[in-house]
Amino acid sequence: VAGKIHFVSLGCPKNTVDTERMVALAKRQGLCRASAEEADVIVVNTCGFIEPAKQESIDTILQMANHKHEGKCQKLVMAGCLSQRYPEQLAAELPEVDHFIGTADLGRLDKILQEEIAGSDRTSETDKRAVQRVLVGKPEGLAEAAYERELVGPPHSAYLKISEGCNRPCAFCSIPIMRGRQRSRDIPSLVKEAQQLGEQGVRELILVAQDTTAYGSDLPRGSADLAQLLVALDQVSDLRWIRVHYAYPSMIYPPLAETMASLERVVPYLDMPIQHVDDELLRRMRRGYTGERVEKAIEALREQIPNLWIRSTMLIGHPGETDQAHQKLLEFIEKMRIDHLGAFVFSPEDGTPSIEQPDTVDEGLAQRRRDEVMQLQQQISRTRLRELVGQTIDVLVDGVSNESEFLLQGRHVGQSPEIDGCVFLADSDAQPGDIVQAIVSDSAEYDLVAHQHQAD
Ligand code: SF4
């Protein structure tokens, strides 16, 4: 064995997929995964989306750097979005980091591992100089998609990253700076990856991208869109649930909703970041739709997809958010009763148009508005879940509950992992990855309690 490696994956599920590719690369090189204390190489896959995420990435790097003095770590690698965004600055300020890898350069970890670990006995000057410290290229291409994955989460649930990058002009968002223009993978390669995941035991497949509804728009005309992809993935027999995240509100056309409703494995769930509903604010955010359009889209979706669960996010405190705009948002939430809602406070990001905009909102005020949104949502969620008491639901079992070893924990079709609540399952000896029928006996703000249905 060439050595031991430890990975820390920060940020969103798209980063998780990248980490899983790097884990597979390391395994192929003969490295095995170990704790940070035991590892010869530590890789931190960073997030650079908003200020708190950047801070968490830097804190994690500094924490991991301690293992170079106190543990066995010889190489510390910083990968992902933050590395991509500020390579020179970070290289100057973080001498403890041996290598920086960009978002489209994950495959270059291979070379670092080959030359630094497997080839550590080679000491000639040429070998030592072979791997540069900063390996950050332009965020383009899809080379990393060619690498296999080694899942880091539960073996029965996995993300499928269907495209990389984003072509939208949202004024507040730094993602296109870090991830580049949209590059979609073709349908056959995604189906192949889904089949491999299914054969390995994956039962729930979650489609992710910066904007899943734009999938295929960069490919030859007519060759692929989200509806066509869903039809193809629905044929993968090992899968039981397919769910879609990050749909753009103005891009969900009736044929897409019809396709979702008609497919056996596609669950009635849609994650659709709305960000706001005040028209002036949406104009400033460059979202390209109005509040009315969003309402219509939700109404049409609910009509076309029975029992649909919707998740969304709102961006609070963007420059220009007035009291009236905030009230409008609260009224929308009250009226539309979205099932799951998250809210995050605006973070002024370098290189984005929003940072230049006047009428900034005081951070304390933005936090209070965010709290107000979340309190309202808590009531909506509590009422929504109470409606399920007495009903029979399908539960995908994730494993033993964090709350009690006598309970299992799982999710129903309306709950995506990590972001939504869960179902606590009593009277069940099901295994992780099983889907069982259960009767809901109790509910709280975000979670349900259910008892496994016993056949008569
Ligand atoms: S669609 Fe999402 S990822 Fe793309 S620019 Fe807008 S907010 Fe950013």
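Order of listing sets the numbers, starting from 1, for every ligand and every atom in it.
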Query - Euclidean distance, Glu295 CD relative to Ile274 CD1, rounded to 0.5 Å - result: 9.5 Å
Requested in this report: Calculate, to the nearest 0.5 Å, the distance between atoms OH and CG belonging to Tyr446 and Leu385 respectively.
Outcome: 9.5 Å
Query raised in the report: Does even one non-hydrogen atom of Gln275 get within less than 4.0 Å of ligand 1?
Result: no
**Report entry** Tyr246 touching ligand 1 at heavy-atom level, < 4.0 angstrom
**Finding:** no
Report task. Could you tell me which atoms of ligand 1, counted from 1 in the order shown, lie closer than 4.0 angstrom to a heavy atom of Phe172? Result -> 7 (S)
Report task. Heavy-atom contacts with Arg287 under 4.0 Å: which atoms of ligand 1 show up? List them by number with element. Result -> 6 (Fe), 7 (S)
Report summary line: At a cut-off of 2.8 Å, protein N/O/S around atom 4 (Fe) of ligand 1 gives Cys166 SG
Query raised in the report: Relative to ligand 1, is Arg179 under 4.0 angstrom through side chain, backbone, both or neither, heavy atoms considered?
Result: neither
**Report entry** Side chain Asp279, main chain Thr290, donor-acceptor under 3.5 Å
**Finding:** no
Query raised in the report: Under 3.5 Å, is there a donor-acceptor pair between the side chain of Ser347 and the main chain of Ile50?
Result: no
Query raised in the report: Cation-pi between Arg243 and Trp309: NZ/CZ under 6.0 Å from ring centre and within 45° of the ring axis?
Result: no
Query raised in the report: Between Lys14 and Tyr246, is NZ or CZ placed under 6.0 angstrom from the six-membered ring centre and within 45° of the ring axis?
Result: yes
Report task. Please work out whether the ring planes of Phe344 and Phe49 are parallel, tilted or perpendicular, with thresholds of 30° and 60°. Result -> tilted
Requested in this report: Would you mind reporting whether Leu301 and Glu299 have side-chain heavy atoms less than 4.5 Å apart?
Outcome: no
